[in-house]
*Asks:* 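One structure is given below, represented as structure tokens, and several questions about it will come after.
So you know, we letter chains A, B, ... as the sequences are listed, proteins then strands, and number each from 1. This is a predicted model, so every value here is computed, not measured.
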Amino acid sequence: MLDIKQIRNQTEKVKAALDKRGSYDLQPLLELDSQQRELEQRRSELQARSNEVGKSVGQKIRAGADPKGDEVKSLREAGNQVKQEIGELEPKERELKAQIESILLTLPNLPSDSTPVGKSEDDNVELRRWGDELIPADGEDRLPHYEIGEKLGIMNFERSVKIAQSRFVTLTGAGAALERSLISFMLDRHTGVGYNEVLPPILVNSASMQGSGQLPKFAEDGFKCDRDDLWLTPTAEVPLTNLHRDEVLTADQLPIDYCAYTPCFRREAGSYGRDTRGLIRLHQFNKVEMYKFVHPGSSFDELEKLTADAEDILQQLKLPYRVLELCSGDLGFNATKTYDLEVWLPSAGKYREISSCSNCIDFQGRRANIRFKESGKKGTEYVHTLNGSGLAVGRTMAAILENYQKPDGTVEIPEVLQKYMGTQAIS
RNA sequence: GGAGAGGUGGCAGAGUGGUCGAAUGCGCUCGACUUGAAAUCGAGUGUACCGAAAGGUACCGUGGGUUCGAAUCCCACCCUCUCCGCCA
């Protein structure tokens, strides 16, 4: 959520930043805001008067006045009149506040100053590449991951349709073991450098979904449990953000680094024809997420560290990848600055997103009301939050199956995973 | 699912209609004492909004209601705990 005060006081700046993403008209919001403040002023003056009256009734009675006498009676009437006026203003003010809130909840974060300006993913900026892209020699048979996976008998899509729907997968044998190995490897790596491992609820309530930015705008993309106010988490970012919702942390607690493995559930509304085969786009997938609550002064440095932590997984797995900085038009709703990591998929001959690392600055902190207090300083400040996949597990498996595929149809296990798997290859 | 108890400040906990934003204790901050520390003593210590400021308003789980006045009374909801049932 953006800061209404900032919108009020630096309207042009905010508008210019928002326009890098799309087109936004802030005038209606500002209009509501000034009406609301005017009403608030009048209402609080009336309330002050009402408190006055209430107090003096008490004083009179204690001083011996007749509670049923004229003096008290006229005060009561005065009190009633003020109360009636307040009663007229209150609903209006509440309505205005609700309108302001609902507009604020749909405004995306402002792109950072350093974010490249652009309209779509075509305008994202490639920053660096790591590793050698594997390009199959002529006549060499390189299968896409879903074909090699089915051939090896470790992954089944047809039967998953029977169990659930399309866009689900069932892993068996070495496939299941590889998924589990990847999760353990990633968690071990991150906890090894100080991330605190979390295994959160994966059903989350609406307040949590709003706190981390999924609601109200992206309700269609979530799976909802109809009889309860609970949603299946689309990402561990939701429970992790809300771990500290409505809390005031102390400055010396920061930074707080968490990592979490969770399944993630997404309807993928609006991407019906895309990536219909394989592990790339499923309704349910596994992800290891990294999440940081940090001091505002260090959040951009922390983003670099977070991205490096995600890259390290790819490097240890020896998977070629590239790093993109998202342009303003492709930035996610919560983010002010985002690096995407894309892994090389030989079957497609291109890079596919495997991690997204974002600095959300105070956007989620304000939404979820997560603040910190600096000792000795008055008041509180919103924390800055960052999140990054480290990594999307299914896509990592896809990349391994394709990049580690041998001409004879077997798949080698990356060295760092061998101790987790207990084998050197899947055949 | 059934029965009961309860939700108050960073924490513990008092407060059943009127100077209660809220006693007290712990914690925390500053100071005194001390070679230093502990202990002790003294002072201070919620958040948000409006306002240039003075100041004002709101907040005792949430939302309504009664009243001149509500942490306190009434209603609804949410949550937590205990016991019983069921269960990995």
Side-chain angles (χ1 to χ4, degrees), chain A residues 1-9 29-104 199 201-211 215 225 227-231 239 242-254 256 293 362 365-383:
Chain A
M1 197 155 71
L2 297 179
D3 182 4
I4 185 69
K5 274 191 227 162
Q6 192 194 7
I7 296 175
R8 189 188 299 147
N9 298 329
L29 176 62
L30 290 167
E31 181 58 32
L32 291 170
D33 176 54
S34 77
Q35 283 178 30
Q36 189 273 124
R37 277 190 301 157
E38 204 175 299
L39 269 185
E40 176 171 337
Q41 186 117 25
R42 272 163 60 200
R43 195 215 67 228
S44 79
E45 276 165 23
L46 288 172
Q47 267 169 340
R49 219 171 342 134
S50 167
N51 288 344
E52 243 356 87
V53 172
K55 222 175 248 180
S56 65
V57 172
Q59 277 164 0
K60 293 266 195 279
I61 291 173
R62 236 169 304 118
D66 176 5
K68 295 213 156 79
D70 285 347
E71 196 183 8
V72 170
K73 196 179 162 204
S74 73
L75 276 172
R76 278 194 186 141
E77 278 162 9
N80 272 325
Q81 206 186 332
V82 174
K83 203 188 154 192
Q84 201 194 331
E85 288 179 56
I86 294 171
E88 284 166 20
L89 294 184
E90 253 175 0
K92 287 185 202 164
E93 194 191 341
R94 212 175 312 136
E95 171 62 20
L96 282 170
K97 276 190 165 156
Q99 284 180 28
I100 290 165
E101 168 99 348
S102 75
I103 293 174
L104 282 175
L199 194 64
I202 53 179
L203 289 182
V204 296
N205 58 35
S206 294
S208 294
M209 290 283 276
Q210 178 171 310
L215 290 180
C225 303
R227 296 170 58 190
D228 308 280
D229 178 32
L230 291 169
W231 303 70
N242 288 283
L243 216 43
H244 295 295
R245 187 174 79 231
D246 294 321
E247 289 186 17
V248 179
L249 307 165
T250 56
D252 58 17
Q253 285 178 273
L254 304 175
I256 300 174
F293 296 88
D362 59 358
R366 186 171 293 106
R367 269 188 175 245
N369 190 28
I370 307 167
R371 295 167 294 169
F372 72 98
K373 191 171 178 58
E374 202 108 44
S375 114
K377 265 197 199 169
K378 220 181 138 49
T380 58
E381 246 184 288
Y382 289 110
V383 297

*Asks:* Please tell me which of A/Q47 and A/G58 maps to the more 5' nucleotide of RNA chain B, matching each residue to the nucleotide holding its nearest heavy atom.
*Replies:* A/G58
*Asks:* Starting from P on B/C49, measure out to CD on A/E45 and report it in whole angstrom.
*Replies:* 19 Å
*Asks:* Between B/A58 and B/G21, how far is it from one C1' atom to the other, in whole Å?
*Replies:* 11 Å
*Asks:* With the side chain counted from C-beta on, respond yes when A/I7 and A/L104 share a heavy-atom pair under 4.5 Å apart, and no when they do not.
*Replies:* yes
*Asks:* Base, sugar-phosphate alone, or nothing: which one does A/R42 contact when heavy atoms must sit under 4.0 Å apart?
*Replies:* nothing
*Asks:* Do the side chains of A/N205 and A/W231 get nearer than 4.5 Å, heavy atoms only?
*Replies:* no
*Asks:* Quick one: look up who B/C79 pairs with, Watson-Crick or G-U, both distances under 3.5 Å, and put none if it's unpaired.
*Replies:* B/G6
*Asks:* Judged by atom type as modelled, is there a donor-acceptor pair below 3.5 Å linking the side chain of A/D228 to the main-chain atoms of A/L230?
*Replies:* no
*Asks:* B/C60 pairs with which nucleotide, Watson-Crick or G-U wobble, both distances below 3.5 Å?
*Replies:* none
*Asks:* Quick one: is B/A58 close enough that its OP1 or OP2 comes under 4.0 Å of any side-chain N or O from A/R43?
*Replies:* no
*Asks:* Among B/G51, B/U57, B/A48, which is the nearest nucleotide to the side chain of A/Q41?
*Replies:* B/G51
*Asks:* Would you mind reading off the distance between A/K55 atom NZ and B/C20 atom C1', rounded to a whole angstrom?
*Replies:* 11 Å
*Asks:* Got a salt bridge between A/E93 and A/K97, using NZ or NE/NH1/NH2 to carboxylate O under 4.0 Å?
*Replies:* yes
*Asks:* Take the protein atom CG of A/L75 and the nucleotide atom C1' of B/G18, then report the distance between them rounded to whole Å.
*Replies:* 14 Å
*Asks:* In whole Å, measure the gap between the P atoms of B/G44 and B/C49 for me.
*Replies:* 27 Å
*Asks:* Using the C1' atom in both, what is the distance from B/U72 to B/G18, to the nearest Å?
*Replies:* 11 Å
*Asks:* Can you tell me the pairing partner of B/A23 across any strand shown, Watson-Crick or G-U wobble, with both distances under 3.5 angstrom?
*Replies:* none
*Asks:* A/S44 has a side chain; which of B/G56, B/C49, B/C68 sits nearest to it?
*Replies:* B/G56
*Asks:* Please name the nucleotide paired to B/A43 by Watson-Crick or G-U wobble geometry with both distances under 3.5 Å, or report none.
*Replies:* B/U29
*Asks:* Base, sugar-phosphate, or nothing: which does A/R8 touch, judged by heavy atoms less than 4.0 Å apart?
*Replies:* sugar-phosphate
*Asks:* Give one of base, sugar-phosphate or nothing for A/K97, where a contact means two heavy atoms less than 4.0 Å apart.
*Replies:* nothing
*Asks:* Quickly work out the A/E38 CD to B/C50 P distance and round it to whole Å.
*Replies:* 14 Å
*Asks:* Starting at CG of A/N51 and ending at C1' of B/A70, how long is that distance when rounded to a whole Å?
*Replies:* 12 Å
*Asks:* How far does the C1' atom of B/A22 sit from the matching atom of B/U47, given to the nearest Å?
*Replies:* 15 Å
*Asks:* Applying a 4.0 Å non-hydrogen cut-off, can you work out what A/T380 is touching in the nucleic acid: base, sugar-phosphate, or nothing?
*Replies:* sugar-phosphate
*Asks:* Give the rounded distance in Å between these two atoms: CZ of A/R245 and P of B/G61.
*Replies:* 18 Å
*Asks:* I need the single residue from A/E40, A/Q41, A/Q47 that forms a side chain to side chain donor-acceptor pair (under 3.5 Å) with A/R43. Which is it?
*Replies:* A/Q47
*Asks:* Provide the Watson-Crick or G-U wobble partner of B/A54, both distances under 3.5 Å; none if there is no partner.
*Replies:* none
*Asks:* Between B/A23 and B/G15, how far apart are the C1' atoms? Round to whole Å, please.
*Replies:* 8 Å
*Asks:* What distance, rounded to whole Å, do you find between the two P atoms, one in B/U29 and one in B/A38?
*Replies:* 11 Å
*Asks:* Without swapping roles, check the side chain of A/N369 against the backbone of A/D246 for a donor-acceptor pair under 3.5 Å.
*Replies:* no
*Asks:* Measure the distance from CG on A/D33 to C1' on B/G51 and round it to the nearest whole Å.
*Replies:* 15 Å
*Asks:* Any chance CD of A/E38 has more than 12 other-residue heavy atoms, nucleotides or ligands included, within less than 6.0 Å?
*Replies:* no
*Asks:* Rounding to the closest angstrom, what is the interatomic distance between B/G17 and B/G25 at atom C1'?
*Replies:* 28 Å
*Asks:* For A/V57 and A/E381, take the nucleotide of RNA chain B holding the closest heavy atom to each; which residue's nucleotide lies nearer the 5' end?
*Replies:* A/E381
*Asks:* With no hydrogens and no angle check, is any side-chain donor or acceptor of A/R371 less than 3.5 Å from a backbone partner on A/E381?
*Replies:* no
*Asks:* In whole angstrom, what separates A/Q59's CD from B/G17's P?
*Replies:* 20 Å
*Asks:* From the list B/C50, B/C68, B/U57, which nucleotide is the closest neighbour of the side chain of A/V53?
*Replies:* B/C68
*Asks:* Quick one: is A/K373 getting a side-chain N or O under 4.0 Å of the B/G46 phosphate, OP1 or OP2?
*Replies:* no
*Asks:* On a whole-Å scale, what distance lies between the C1' atoms belonging to B/C33 and B/A54?
*Replies:* 40 Å
*Asks:* Does the structure show a Watson-Crick or G-U wobble partner for B/C68, both distances under 3.5 Å? Name it, or say none.
*Replies:* B/G18
*Asks:* For B/U35, which nucleotide is its Watson-Crick or G-U wobble mate, given both distances must be under 3.5 Å?
*Replies:* none
*Asks:* Which nucleotide, in any strand shown, forms a Watson-Crick or G-U wobble pair with B/G85, with both distances under 3.5 Å?
*Replies:* none
*Asks:* Side chain of A/K83, heavy atoms from C-beta onward: which of B/C68, B/G51, B/A48 has the nearest atom to it?
*Replies:* B/C68
